[in-house]
Amino acid sequence: MSIRRRLVAAGLVGISIVGVAGIAAQASQQPLEAHRLPRVAPCKVVKHGTTEAIVTTSNGEAPSTTNAPSTAVVKVAKEGVEATLPDNSAKALYLEEPARTTKATRIGRLSYRTLQLNPGSVALWSYQLPIDINGGTLQAGDFTTLVYEPYQDGRTITSGQWQTWDALRGGDAKWWSTRALPLVANGATQAFPTAWSAILAAYPDATVLAYGMNLGKGSAGASGRVDGLTFGTADACVTHQWSTRFDRKSRHISIFQLWRRWLHP
């Protein structure tokens, strides 16, 4: 069944991407489950010369006459794409659909690079991984987004310089879920980021619906660049790069730029 049909079959499933302000960065203490990352296929590079497919509406839905963009300012730089969020409702979201249906256990590389431009904040582009927690036909309650934020993983953010984030770290990297995961200690919520390996051990049939990156909302004043978004599995690997040096012609927009029209209540 196509992902489009799976989304429609799921009905209107809600999701909220919570801002970093006021959220305790506590890591869950459960022991890590063993998980061996698969070897990754050679990566191909997708070059973006525009901000096309980066959604700036405050709810993450596709823009429409009744759903205007937020105040987020997004532009392509010589290296990476840059977003600035003037208020707590502003956000920037990019999601891409994998080339084929992929189980999370087949993922061997999730990484990206950031350049933080507002010192003294933990607000940074996050890695986003919408999933069907048990695979098969997407049903109401099966959908959630796994989120990787460097500060939640105990990483040190250095403002003003490019940093590369390995969002797996051999399975030890901490992720959190936009919906509590019943089979994981403390639900792997934002207050309890949980090791990637522990999440996969609890949900071995989880299927990836999309991958991407997000800045905001709830992060007024945040500003930063992102580049080198990589999604690598045993079957395929792709790295997304942004630059003003690249061709600025239009490109295909993933179906997931309309995903919240189906998934948002």
Side-chain angles (χ1 to χ4, degrees), residues 17 20 42-58 60-64 67-87 89-99 109-129 147-150 155 157-167 210-217 219-232 236-260:
I17 303 295
V20 298
C43 282
K44 69 174 183 179
V45 175
V46 176
K47 297 181 178 180
H48 304 260
T50 74
T51 61
E52 187 176 31
I54 297 179
V55 175
T56 60
T57 55
S58 60
E61 294 180 12
S64 68
N67 193 41
S70 69
T71 59
V73 178
V74 181
K75 64 180 182 180
V76 177
K78 185 176 182 180
E79 184 177 7
V81 62
E82 180 179 320
T84 300
L85 310 182
D87 56 59
S89 294
K91 71 175 290 160
L93 171 70
Y94 175 83
L95 289 174
E96 188 63 63
E97 182 181 353
R109 183 183 304 165
L110 298 175
S111 62
Y112 65 120
R113 303 170 58 236
T114 63
L115 173 65
Q116 189 190 60
L117 300 175
N118 58 309
S121 171
V122 296
L124 205 65
W125 285 89
S126 64
Y127 202 115
Q128 304 272 308
L129 203 67
V147 181
Y148 175 83
E149 297 178 281
R155 306 299 94 186
I157 300 170
T158 304
S159 185
Q161 72 179 43
W162 281 99
Q163 294 177 276
T164 298
W165 308 108
D166 177 356
Y211 64 92
M213 57 198 189
N214 178 81
L215 182 64
K217 60 184 182 176
S219 303
S223 181
R225 296 179 187 174
V226 64
D227 201 19
L229 176 71
T230 299
F231 177 80
C237 181
V238 61
T239 296
H240 296 267
Q241 297 178 349
W242 283 261
S243 176
T244 52
R245 297 170 295 181
F246 299 156
D247 192 343
R248 297 180 64 82
K249 67 182 180 181
S250 178
R251 62 180 296 275
H252 168 68
I253 297 179
S254 167
I255 185 178
F256 279 91
Q257 303 318 313
L258 302 176
W259 70 310
R260 288 176 185 266

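Here the structure is a predicted model, which is why all the values come from computation and not from measurement.
Separating the OG1 atom in Thr50 from the NZ atom in Lys75 is a distance of 15.5 Å, to the nearest 0.5 Å. Of the inter-residue distances, the one linking Asn214 atom CG with Lys91 atom NZ reads 4.0 Å to the nearest 0.5 angstrom.
Between Leu129 and Phe231 the shortest heavy-atom distance is CD1-CE1, 4.1 Å. A pairwise comparison of heavy atoms in Lys78 and Ser243 identifies O-OG, 2.6 Å as the closest pair. When every heavy atom of Pro63 is checked against every heavy atom of Thr57, the shortest pair comes out as CA-CG2, 4.0 Å. The heavy-atom pair separating Ala72 from Leu85 by the smallest distance is CB-CD2, 3.7 Å. Scanning all heavy atoms of the two residues, the minimum distance from Leu115 to Trp162 falls at CD1-N, 3.6 Å. Minimum heavy-atom separation, Gly224 to Trp125: O-NE1, 3.1 Å.
The side-chain hydrogen bond (donor to acceptor under 3.5 Å, both in side chains) test applied to Arg113 returns Glu79, not counting sequence neighbours. Residues meeting the side-chain hydrogen bond (donor to acceptor under 3.5 Å, both in side chains) test with Glu82, sequence neighbours left out: Arg225. Qualifying side-chain contact (heavy atoms from CB on, under 4.5 Å) partners for Asp87, counting only residues two or more places apart in sequence or in other chains: Thr71, Ser89, Ala90. For Pro69, the side-chain contact (heavy atoms from CB on, under 4.5 Å) partners at least two apart in sequence or on another chain are Thr56. Partners of Arg109 under the salt bridge (charged side-chain N to carboxylate O under 4.0 Å, His left out) rule, at least two apart in sequence or in another chain, do not exist in this structure. Partners of Ala167 according to the side-chain contact (heavy atoms from CB on, under 4.5 Å) rule, which considers only residues two or more places apart in sequence or in another chain, are Leu110, Tyr148, Trp175.
Listed for the Asp166 side chain is no donor-acceptor partner under 3.5 Å among the backbone atoms of Ser111. Judged by distance alone, the side chain of Gln128 and the main-chain N or O of Leu95 form no donor-acceptor pair under 3.5 Å. Panel note: side chain Asn67, backbone Ala62; a donor-acceptor pair is recorded below 3.5 Å.
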Checking side-chain contact (heavy atoms from CB on, under 4.5 Å) for the pair His48/Val76: CA distance, chi angles, key distance, verdict?
CA-CA 9 Å; His48 304 260; Val76 177; over 6 Å; no

Please determine whether side-chain contact (heavy atoms from CB on, under 4.5 Å) holds for the pair Tyr127 and Leu229, giving the CA-CA distance in whole Å, both sets of side-chain angles, and the decisive distance to 0.1 Å.
CA-CA 8 Å; Tyr127 202 115; Leu229 176 71; 3.5 Å; yes

Using the side-chain contact (heavy atoms from CB on, under 4.5 Å) rule, take Trp242 and Ile54 through it: C-alpha gap first, then chi angles, then the decisive distance, then the call.
CA-CA 12 Å; Trp242 283 261; Ile54 297 179; 4.2 Å; yes

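Between Tyr211 and His240, the two ring planes are tilted [angle within 30° to 60°].
Residues Glu149 and Leu124 have side chains not in contact (no heavy-atom distance under 4.5 Å, counting atoms from C-beta outward). Counting heavy atoms from C-beta on, the side chains of Arg155 and Trp165 come closer than 4.5 Å.
A donor atom on one side chain and an acceptor atom on the other are found under 3.5 Å apart for Thr84 and Ser223.
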